[in-house]
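Structure first, commentary second.
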Amino acid sequence: MSSTRAPPALTCTRCRSRRRCVLPGRADAQIHNKEFSALPCALAALADWLRAHGVTAAAMEGTGVYWETVFDTIAEAGITPLLLHAQHVKQIKGRKTDIADSAGLRVGGVLSDLFGVNGRRILDGLVAGKERAEIMAALSGHVRRHLVTLNDALENKLSEADRFLSRDQVRLFDQAGGRRAEYDAVIDRGLAEHQVAIRLLTTIPGIDHRAASAIIIELGPDISVFPSERHCAAWAGLAPGNNESAGKRRSGRVRRGNQALRTLLIECAQAAARSNHCQFKGYHKALTVRRGYKRATVATVHKLLRVIYHMLTTGEFYRDRETDYEALMVMRNAPRWFTMLRKHGFMTKGGAQPAAS
């Protein structure tokens, strides 16, 4: 941010701050930095802060649609907003960092799933023109820790045009969901005779029913067409490259292969690497330290495909060597066991001593 006595700039070229900056006209004057969120109340505080420092013009970088809410807030405060081309700002000398811009109404930044139960309640309430208090009252209890932030995020009022566009987008999303369900039903009918293999693959961390169906489609119903797991990995484009000359290994980049299967397995491997009590998590973490995230992900995908090949060949369910399945079963069933033991008199209420027979 800048006053009219200094050239407009998005960030301070003399500091390393990611906050909003006020640059006075004199070179020896103090630079004021302060950070604001994108919620409506914080944007109003931003406008007050700029006016308090005598700012009459503010410049910002035009990135996507993130500048629009800030632009409108500054304009309504009587400060002249200047929208600059990002390439022009980049050419200004000095160290500059990207400011974490965001739109004013960002429910998706608070809820993990915007199209979940509570997300849809908020979206449906907004497009229907309901009051903020009515929308907040309809939310379930497990989002109570976000109620204050959600209340601030819903402070803005949507215009009729905004509601029309939002309603149209929600309708398109619902239509796409209906079509996807129809496709899933057709795929399930086509894979009816391969449900055993699909259930087999769903025991692997990171692979759900839909991903397992897609893997069977891409690999084919007969895994024996691949002589070994190495041939299967090479066909999927996941085998290490073989580029050696004069005894020197030049490159280990993976070769080309089935792009659809490779993309699908990358998503599954990333999900498996985030699963607790899973060998893929430790494997991916150890490789990330030495080789970086992307190479570790490709190596994890290669390991995942080898496991898939072995399971489809032998028909064995997945058993993770990092998981104590006996302890896991006890942990899941112990509360129910204790309840039944107390019910039938085999254990006292406190659980310390067995009841007398």
Side-chain angles (χ1 to χ4, degrees), residues 183-184 186-244 249 251-326 328-329:
Y183 276 95
D184 288 341
V186 172
I187 293 173
D188 288 339
R189 289 196 297 268
L191 295 175
E193 59 185 70
H194 305 292
Q195 290 302 313
V196 174
I198 292 175
R199 287 195 297 270
L200 198 69
L201 295 184
T202 55
T203 61
I204 304 177
I207 299 181
D208 58 5
H209 179 82
R210 184 175 296 172
S213 300
I215 291 172
I216 294 297
I217 292 174
E218 295 297 335
L219 287 178
D222 185 12
I223 197 65
S224 63
V225 297
F226 301 106
S228 67
E229 60 185 26
R230 292 180 298 176
H231 291 82
C232 183
W235 181 81
L238 293 170
N242 186 15
N243 186 0
E244 184 176 333
R249 186 71 176 266
S251 174
R253 295 187 62 181
V254 293
R255 63 191 71 182
R256 297 189 180 185
N258 188 320
Q259 188 65 30
L261 178 60
R262 178 179 173 178
T263 302
L264 172 64
L265 291 177
I266 287 176
E267 295 179 0
C268 296
Q270 289 176 332
R274 293 192 294 268
S275 301
N276 294 325
H277 309 292
C278 170
Q279 63 172 322
F280 299 107
K281 181 176 183 179
Y283 183 79
H284 185 273
K285 184 177 180 180
L287 284 180
T288 300
V289 175
R290 296 188 292 109
R291 304 290 291 170
Y293 182 84
K294 291 185 178 180
R295 291 183 177 179
T297 300
V298 174
T300 305
V301 175
H302 189 205
K303 183 180 182 67
L304 179 63
L305 184 56
R306 297 200 310 269
V307 171
I308 292 174
Y309 179 87
H310 176 77
M311 292 174 60
L312 293 178
T313 302
T314 62
E316 298 177 358
F317 285 90
Y318 177 79
R319 293 188 64 85
D320 199 307
R321 61 187 181 187
E322 299 292 332
T323 302
D324 187 346
Y325 287 93
E326 183 178 355
L328 186 63
M329 181 186 65

- request: Give a yes or no on whether R306 atom CZ has more than 12 heavy-atom contacts from other residues, nucleotides or ligands under 6.0 Å away.
  value: yes
Rounded to the nearest 0.5 Å, what separation is found between the [atom1] atom of [X] and the [atom2] atom of [Y]?
X: Y309; Y: T314; atom1: OH; atom2: OG1; answer: 10.5 Å
X: K285; Y: T288; atom1: NZ; atom2: OG1; answer: 9.5 Å
X: T263; Y: E218; atom1: OG1; atom2: CD; answer: 9.5 Å
X: I216; Y: I198; atom1: CD1; atom2: CD1; answer: 6.0 Å
X: L200; Y: H194; atom1: CG; atom2: NE2; answer: 14.0 Å
X: I308; Y: I215; atom1: CD1; atom2: CD1; answer: 4.0 Å

Taking all non-hydrogen atoms of both residues, which atom of [X] and which atom of [Y] are closest, and how far apart?
X: L312; Y: A197; value: CD2-CB, 4.0 Å
X: A214; Y: L264; value: CB-CD2, 3.4 Å
X: A236; Y: R262; value: O-CB, 3.7 Å
X: A212; Y: I207; value: N-CG2, 3.7 Å
X: F280; Y: I204; value: CE1-CG2, 4.3 Å
X: D222; Y: V225; value: O-CG2, 3.2 Å

Side chain proximity check, [X] to [Y], heavy atoms < 4.5 angstrom:
X: F226; Y: L219; value: yes
X: N276; Y: K281; value: yes
X: V298; Y: H302; value: no

Open item on the list: For the residue pair D184 / H209, report whether a side-chain donor-acceptor contact shorter than 3.5 Å exists.
Closed with: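 Checked: H209/D184 side chains show no N/O donor-acceptor pair below 3.5 Å.
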Donor-acceptor contact below 3.5 Å, side chain T203 vs main chain Y318: yes
Q: Would you please test S228 and H231 for side-chain hydrogen bond (donor to acceptor under 3.5 Å, both in side chains) and show each step?
A: CA-CA 5 Å; S228 67; H231 291 82; 2.7 Å; yes
Quiz item: In a check of side-chain hydrogen bond (donor to acceptor under 3.5 Å, both in side chains) between T297 and each of R291, H284, Q270, which one passes?
Solution: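 One option only clears the test, and that one is H284.
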